[in-house]
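Only one structure is covered here, and it is reproduced in the block below.
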Protein chains: 2
Amino acid sequence: MPVPKGSTIDPARTRAAILQAATALLYERGLDGIGVAELCTRLGVSKETLYRHFGTKDGLVEAVLEARSDRVIAWVEAAVAAAGDEPAAQLAAVFDALQHWYEEPAFRGCALVNAAAQHHVPQVRAITARHLGRHLTLLTGIAERAGAAEPGLLGRQLLMLVEGATVVAAHRDTRGPGAEARAAALTLLAAARERPGPDT
Amino acid sequence: MPVPKGSTIDPARTRAAILQAATALLYERGLDGIGVAELCTRLGVSKETLYRHFGTKDGLVEAVLEARSDRVIAWVEAAVAAAGDEPAAQLAAVFDALQHWYEEPAFRGCALVNAAAQHHVPQVRAITARHLGRHLTLLTGIAERAGAAEPGLLGRQLLMLVEGATVVAAHRDTRGPGAEARAAALTLLAAARERPGPDT
DNA sequence: GCCGGATCGTACCGATCAGTTCGATCTATT
DNA sequence: AATAGATCGAACTGATCGGTACGATCCGGC
């Protein structure tokens, strides 16, 4: 967990190590649930180093959230890519991936949505909004390839299912939501296919 | 907004007035976004009074969230009751009510879900879980009356749509989610009706 | 008209927080 | 070996936080 100390002094590597370790701690404890001092001791890093790399605690938070958004989107894209060419299978793969996430012991809901609920700094809210936008693009792409009548609409509805399943998994039950949301998503997809768009 | 001062000294009334004013402020600023001192000045109440009624800040937070959950559930139940006997109309009414909520200027997402994302006190999380449970009971009731094949499953899927629409409305777009989630919900309801359960 | 409880306003306490500073130490480069 | 930059560890600052204490004030019941 702590930043490797004996290794080559490489600012970029130090920064990356801080980012990775801070991501887990801020997710587990909440953005305001852990102070910079404890954060540094748990990271094995001095305050001066942290502040030289990130300027302020908010700067660290923003960097953590940006990196997390990148990782999440790449992870979902990988799940889609591994599901073959069939759009329905790709959609199912998204929810199967979510279900695996829900069952991780450290699962605490969507870090981006949680952060926006805690922190009122507009930049944090902007990062969350952008994250949802990237997620929406991904889902809308599936809807388009599936020949949905209104892929934009279906994409937004699928996004609601994704976020709703995550909320329910975080606060009620971590076992069911993935599969149940997947079934709902496939139902919506099938219904949207039955009424093809004007140019299909 | 401030607690009426010239009126009869009535502890219960004072408590209720604090509760109502604190609900709005804690929702707007976040549970940790406003301190007890500012809270008291904005409420027009002394710290001693607040602490005599609620013991600790966490006590106030819990009371606020409990009261909010009660109000929200009663408000949704009223929307359902006003929609007549047809389950599909009742379901549509739920999302229409949500849409009105999303368009309120003060809308900031579900206060209960936000609170659970901020505060790590287990009691707060318990209140949120109970709130989602009450919401689920309500939606499952509609699913049962509609003759859904698996009303429990449909209820949970509808809950995901409700929470997902709220998240999307809070972070991306306050205009669309209500109607779009309603359309998705009605599609799911229709699909669940086409495959009636074994004893229907 | 007096008394008891509710309330107010303010001052105060200890803890914690984000952020700064500085001398000591470590490492890579030359 | 010497230099320069990265890092450490620890002390420090000023602000804010939740919570407490206390005298003054206000009100309803007797």
Side-chain angles (χ1 to χ4, degrees), chain A residues 1-22 25-26 28-65 115 118-124, chain B residues 1-22 25-26 28-65 115 118-124:
Chain A
M1 194 81 65
V3 177
K5 202 182 296 189
S7 66
T8 297
I9 288 188
D10 179 347
R13 199 172 298 265
T14 300
R15 184 189 155 98
I18 293 174
L19 218 48
Q20 182 191 344
L25 282 169
L26 289 172
E28 177 190 346
R29 302 269 297 266
L31 301 187
D32 293 332
I34 185 168
V36 175
E38 183 181 355
L39 208 44
C40 287
T41 62
R42 302 277 281 256
L43 265 50
V45 159
S46 73
K47 279 178 142 193
E48 182 171 352
T49 299
L50 189 149
Y51 277 104
R52 179 156 27 80
H53 279 294
F54 298 99
T56 66
K57 188 183 183 183
D58 282 348
L60 171 65
V61 166
E62 290 159 22
V64 162
L65 294 179
Q118 300 171 47
H119 230 279
H120 303 151
V121 174
Q123 285 171 314
V124 167
Chain B
M1 196 79 65
V3 177
K5 203 181 295 189
S7 67
T8 298
I9 287 187
D10 179 348
R13 199 172 299 264
T14 300
R15 184 191 154 97
I18 293 175
L19 217 47
Q20 181 191 343
L25 282 169
L26 289 172
E28 177 191 347
R29 303 268 296 267
L31 301 186
D32 293 333
I34 186 168
V36 174
E38 183 182 354
L39 209 45
C40 286
T41 62
R42 301 278 282 256
L43 264 51
V45 159
S46 72
K47 277 179 142 191
E48 182 170 350
T49 298
L50 188 148
Y51 277 104
R52 179 155 27 77
H53 280 293
F54 299 99
T56 66
K57 188 185 183 184
D58 282 348
L60 171 65
V61 166
E62 289 159 24
V64 162
L65 294 179
Q118 300 171 47
H119 231 280
H120 303 150
V121 174
Q123 285 170 315
V124 168

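Per chain, numbering begins at 1; letters A, B, ... match sequence-line order.
Taking side-chain N and O atoms only, B:S46 has no distance below 4.0 Å to OP1 or OP2 of C:dT10. Close to D:dA6, at under 4.0 Å from its OP1 or OP2, lies no side-chain N or O of A:R52. A sub-4.0 Å separation between OP1 or OP2 of C:dT7 and a side-chain N or O of B:T14 is present. Here A:H53 does not reach the OP1 or OP2 of D:dA6: none of its side-chain N or O atoms lies under 4.0 Å away. Put simply, A:T56 has no side-chain N or O that comes within less than 4.0 Å of OP1 or OP2 on C:dA18.
With rounding to the nearest 0.5 Å, the separation of CG in A:L19 from CG in A:L43 is 9.5 Å. In this structure, CD in A:E62 is found 8.5 Å from NE2 in A:H119, a value given to the nearest 0.5 Å. A:Q20 contributes atom CD, which lies 14.0 Å from atom CZ of A:R15 (distance to the nearest 0.5 angstrom).
Counting heavy atoms from C-beta outward, A:T49 and A:I18 have side chains that approach closer than 4.5 Å. At a threshold of 4.5 Å between non-hydrogen side-chain atoms, the residues A:L65 and A:L26 do not count as touching. Taking the side chain as every heavy atom from C-beta outward, B:V61 and B:Q123 never approach each other to under 4.5 Å.
Between the NZ atom of B:K57 and the C1' atom of D:dT16 there is a distance of 11 Å, given to the nearest Å. The CZ atom of A:R15 sits 14 Å away from the P atom of D:dA6 (whole-angstrom rounding). Rounded to whole angstrom, the span from the CG atom of B:D32 across to the C1' atom of C:dT16 amounts to 13 Å. Atoms CZ (A:F54) and C1' (C:dA18) sit 16 Å apart, rounded to a whole Å. If you measure from atom CG of A:L60 to atom C1' of C:dC17, you get 15 Å, rounded to the nearest angstrom. Across the protein-nucleic acid pair, B:L39 atom CG and D:dT16 atom P stand 17 Å apart, rounded to whole Å. One atom, CD of A:E38, and another, C1' of C:dA18, lie 15 Å apart when rounded to the nearest Å.
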Interface polar pairs with nucleotides 20-22 of chain D, N/O, under 3.5 angstrom:
from: D:dC22; atom 1: N4; to: B:E48; atom 2: OE1; distance (Å): 2.3

